[in-house]
Peer 1: 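This is the structure I have questions about; it appears just below.
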Amino acid sequence: MNKLYRTLVYDDEVSLSVLDTTELVSNAIKIHNLDCASSQVLGGLLTACAFMAGCLKSADGAVSITIKSDDGVSCASVSGDKAGHIRGYAEGFKNGIRGGNMTVIKDDGYSRPFLGTCELKSGDISENFMQYFQKSEQIDTAAVIDVKIENGTCVAAGGIIMQLLPGTREENAELAEKTMRGFVPFANRLLHLGADGIMQKYFPSAMKNSAAYIINPEYKCNCSRKKIEGVVLSLGKAEAEGIVKEQGAVKVHCHYCNTDYAFTEEDVLKLFGN
Ligand SMILES: [Zn+2]
């Protein structure tokens, strides 16, 4: 089962997150029928998104992460909410990440959403995230996000993330760094121990901390016919009718869950109230 353990370690000076997203990533690969490299990119992003969604404070908070190559050929987008519902898609990554930019939008109950961007300097999701946190959120972060694919199937996906809280003492920062180095690569450790086992073996008392909590992230799209009706209504009556005349129906595709919605002439007339 997908798990996100979050707690504080090392004199409560370092936040720790341990994730098992194997099922979540497996579902995404099935829904989108992805090749190996694309599975790794989307799997890494979904795992990072599950982590960031788990850090949200507001109950109706949401986060989205988009990466795009400079030539626009590769694009992936993931989003998640506080409940741990994570979704996403990836296109054009059969050769992995080759530069571009990453944009994070975090809406956490403040008056304006937080927007951060950074350049993709590495083909590795973990490296890009560490850089993002350093530059955009000014948080010292060590992340090992790992997706292991065998014969087109995700056998293990997850990650471990440590972030230094303001005022972390040198010795605890060093301890965090040393611990994190021991978790590269992460997927094998996850395969052998599971997220539960990792917590018990390496951080035995951490889940007794008053700040500790567990979330079960899952792959879940929040689209529905009702929501898509809103999209059709936003086109306006004339535009919607024009599309029906030209194409037979207004068709809307949800990239996140690969679902097609179609609105026939009759549907459109009903929507606009005649
Ligand atoms: Zn959907």
Side-chain angles (χ1 to χ4, degrees), residues 1-2 4 19-35 37-56 58-68 72-94 102-108 113 115 125 147 149 152-154 157 215-236 239-240 243-244 247-264 266-268 270-272:
M1 194 201 268
N2 301 307
L4 161 59
L19 292 112
D20 179 348
T21 52
T22 310
E23 257 180 54
L24 200 166
V25 173
S26 299
N27 282 341
I29 295 171
K30 256 180 246 153
I31 290 168
H32 297 292
N33 195 18
L34 296 176
D35 59 75
S38 304
S39 301
Q40 246 142 7
V41 172
L42 185 61
L45 281 178
L46 288 166
T47 304
C49 188
F51 160 69
M52 291 183 80
C55 301
L56 292 167
S58 157
D60 51 4
V63 60
S64 74
I65 308 163
T66 303
I67 62 170
K68 215 178 230 168
V73 170
S74 339
C75 176
S77 188
V78 295
S79 64
D81 57 31
K82 177 79 182 161
H85 298 154
I86 315 294
R87 60 201 180 122
Y89 64 88
E91 282 161 2
F93 286 99
K94 62 175 190 290
M102 174 160 85
T103 305
V104 173
I105 301 171
K106 219 176 353 174
D107 193 346
D108 204 4
L115 185 126
I125 294 279
V147 177
I149 310 285
T153 306
C154 174
I215 293 177
N216 300 113
E218 59 176 323
Y219 194 96
K220 199 168 178 186
C221 189
N222 60 359
C223 75
S224 65
R225 192 162 173 96
K226 192 88 206 141
K227 274 194 183 170
I228 306 292
E229 279 176 1
V231 177
V232 178
L233 281 169
S234 71
L235 291 173
E239 173 86 14
I243 296 172
V244 168
Q247 301 170 20
V250 180
K251 291 174 193 156
V252 181
H253 179 74
C254 176
H255 284 282
Y256 290 103
C257 63
N258 241 345
T259 304
D260 288 307
Y261 293 92
F263 294 84
T264 60
E266 200 190 329
D267 297 331
V268 168
K270 219 186 270 172
L271 261 183
F272 288 95

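Every number for a ligand or one of its atoms is a count from 1 in the order of the listing. We use all heavy atoms of the structure for the numbers below, so side chains are in, but hydrogens, waters and symmetry mates are not.
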Peer 1: For Asn258 and His32, indicate whether the former's side chain and the latter's backbone hold a donor-acceptor pair under 3.5 Å.
Peer 2: no
Peer 1: Which protein N, O or S atoms does the Zn ion (ligand 1) have within a distance shorter than 2.8 Å?
Peer 2: Cys221 SG, Cys223 SG, Cys254 SG, Cys257 SG
Peer 1: Does the Glu91 side chain pair with the main chain of Cys75, one donor and one acceptor, at a distance under 3.5 Å?
Peer 2: no
Peer 1: Between Asn27 (side chain) and Tyr219 (backbone), is there a donor-acceptor pair under 3.5 Å?
Peer 2: no
Peer 1: Quick one: side chain to side chain donor-acceptor pair (under 3.5 Å) partners of Ser39, sequence neighbours excluded?
Peer 2: none
Peer 1: Which residues pass the side chain to side chain contact (heavy atoms under 4.5 Å, CB included) test with Lys94, not counting sequence neighbours?
Peer 2: Asp35
Peer 1: With sequence neighbours excluded, what pairs up with Ser224 under the side chain to side chain donor-acceptor pair (under 3.5 Å) test?
Peer 2: none
